[in-house]
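Below is one structure, written out as structure tokens; comments come after it.
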2 protein chains.
Amino acid sequence: MPIGMLSRKTGVNIETIRYYERIGLLPAPPRTAGGRRIYDDGHRRALAFIRRARELGFGLADIRALLALARPHGESCAQVERIASAHLDDVRNKLADLARLEHILAETVGKCARETAPTCPVLNMLDPG
Amino acid sequence: MPIGMLSRKTGVNIETIRYYERIGLLPAPPRTAGGRRIYDDGHRRALAFIRRARELGFGLADIRALLALARPHGESCAQVERIASAHLDDVRNKLADLARLEHILAETVGKCARETAPTCPVLNMLDPG
DNA sequence: CCTTGTTCCTGTAGCTGCTACAGGATGTAG
DNA sequence: CTACATCCTGTAGCAGCTACAGGAACAAGG
């Protein structure tokens with residue numbers, strides 16, 4: 001199948017597919033006589049794998065490692081788990097940061113609605129006096 | 001004060017201060033005869049403002065707008081509030097996304113610990129079968 | 001066979017928000 | 001007067017794409 005169809009099937013942008021090939025994340029497919037890429041179902045699965053991993057927030061370096069570990073099926077689960085739980089830690093840290101953010105912002109914007117302050121509550125919070 | 005002291009006082013990297021100047025976020029200070037930047041307390045306050053706003057997740061475009069609105073004190077609070085609450089929406093969306101992520105990852109990594117699956121649970125979830 | 005329209009190709013540059021050099025000039029303390 | 005810290009400019013790099021420009025290839029209709 002040509003790149004456009006692969007793009008439609010996986011929901012990954014054509015430019016992004018070529019980008020993944022360029023950085024060596026997705027294997028380069030064979031070409032037609034005219035030079036167009038022809039993909040098979042193996043490529044489709046690999047790209048779908050990458051896409052799901054991206055949706056879960058894994059970085060491309062992690063995904064590269066995961067793809068490598070996905071080949072010899074069976075023994076390397078411990079390594080996979082290490083990558084995944086490191087990423088989970090990361091996500092939890094970001095979550096905590098964002099929650100703190102949300103709290104402060106919500107509070108400050110809330111003051112705007114109550115309209116009791118003489119100066120803008122948002123600028124007030126940002127201004128170091 | 002020279003740039004290094006400003007950096008220490010605000011916790012903003014020297015390179016970042018120069019970067020802010022280059023993109024027109026922080027006004028260019030006067031220089032010594034030898035060409036070194038000399039900052040005053042106004043610069044310090046502006047930079048501290050920028051820093052707090054960055055910590056709250058505002059983008060540089062938003063900060064540029066906020067800085068402009070911070071000058072004519074008093075009337076433009078509505079615009080400030082619009083920027084802040086748009087950002088708050090953004091933060092809440094990201095928060096929801098991350099929470100979903102966290103849930104899926106935690107569940108999957110949890111399966112690894114229970115060790116009952118024949119194949120790696122993480123790879124299993126990523127693999128589109 | 002020829003045209004039209006779509007798809008595809010390569011290569012480069014842009015985005016955000018910094019950070020990290022290289023290679024040199026300047027300021028300050030002993 | 002010499003060290004040494006601090007500063008200068010300019011460029012290039014990071015993630016992870018996205019958006020062109022300028023051209024070639026293919027499928028379908030006449």
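Reminder, nothing fancy here: chain letters follow the sequence lines and each chain counts from 1.
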Within this structure, what is the CD1-to-C1' distance between A:Ile38 and C:dT7, rounded to whole angstrom? 12 Å
D:dT9 base to B:Arg18 side chain: any donor-acceptor pair below 3.5 Å? no
Please tell me if B:Tyr20 has a side-chain N or O lying less than 4.0 Å from either OP1 or OP2 of C:dC18. yes
Taking atom P of D:dT9 as reference, at what distance in whole Å does atom CD1 of B:Ile14 sit? 12 Å
B:Asn13 side-chain N/O to C:dC18 phosphate OP1/OP2 under 4.0 Å: no
How many whole angstroms separate atom CD of B:Glu15 from atom P of C:dA20? 8 Å
Is there a path of hydrophobic side-chain contacts, each under 4.5 Å between heavy atoms, that joins B:Ile3 and B:Ile38? no
Using heavy atoms to find the nearest nucleotide of DNA chain D for B:Arg22 and B:Met5 separately, return the residue whose nucleotide is more 5′. B:Met5
In this structure, how many angstroms lie between the C1' atom of D:dC26 and the CE atom of A:Met1, rounded? 18 Å
Most 5' of B:Phe58 and B:Arg36 on DNA chain C, judged by nearest nucleotide: B:Phe58
Candidate list A:Leu56, A:Ile63, A:Leu67, A:Ile50, test side-chain contact (heavy atoms from CB on, under 4.5 Å), partner B:Leu126, passing option: A:Leu56
Whole-Å gap separating P (C:dT7) and OH (A:Tyr39): 16 Å
Do B:His43 and B:Asp40 have side-chain atoms, one donor and one acceptor, less than 3.5 Å apart? yes
So, B:Arg92 side chain and B:Ala96 main chain: donor-acceptor pair closer than 3.5 Å or not? no
If I take atom OH in residue A:Tyr19 and atom P in nucleotide C:dG11, what distance separates them, rounded to the nearest angstrom? 17 Å
Comparing A:Arg54 with B:Arg31, nearest DNA chain D nucleotide closer to 5' gives the residue B:Arg31
Any side-chain N or O of A:Thr16 below 4.0 angstrom from OP1/OP2 of D:dT18? yes
In whole angstroms, how far is the P atom of C:dC15 from the CD1 atom of B:Ile23? 12 Å
Test item: A:Thr108 side-chain N/O and A:Ile104 main-chain N/O as donor-acceptor pair under 3.5 Å: yes
Interatomic distance where CZ belongs to B:Arg37 and P belongs to C:dA25 [whole Å]: 17 Å
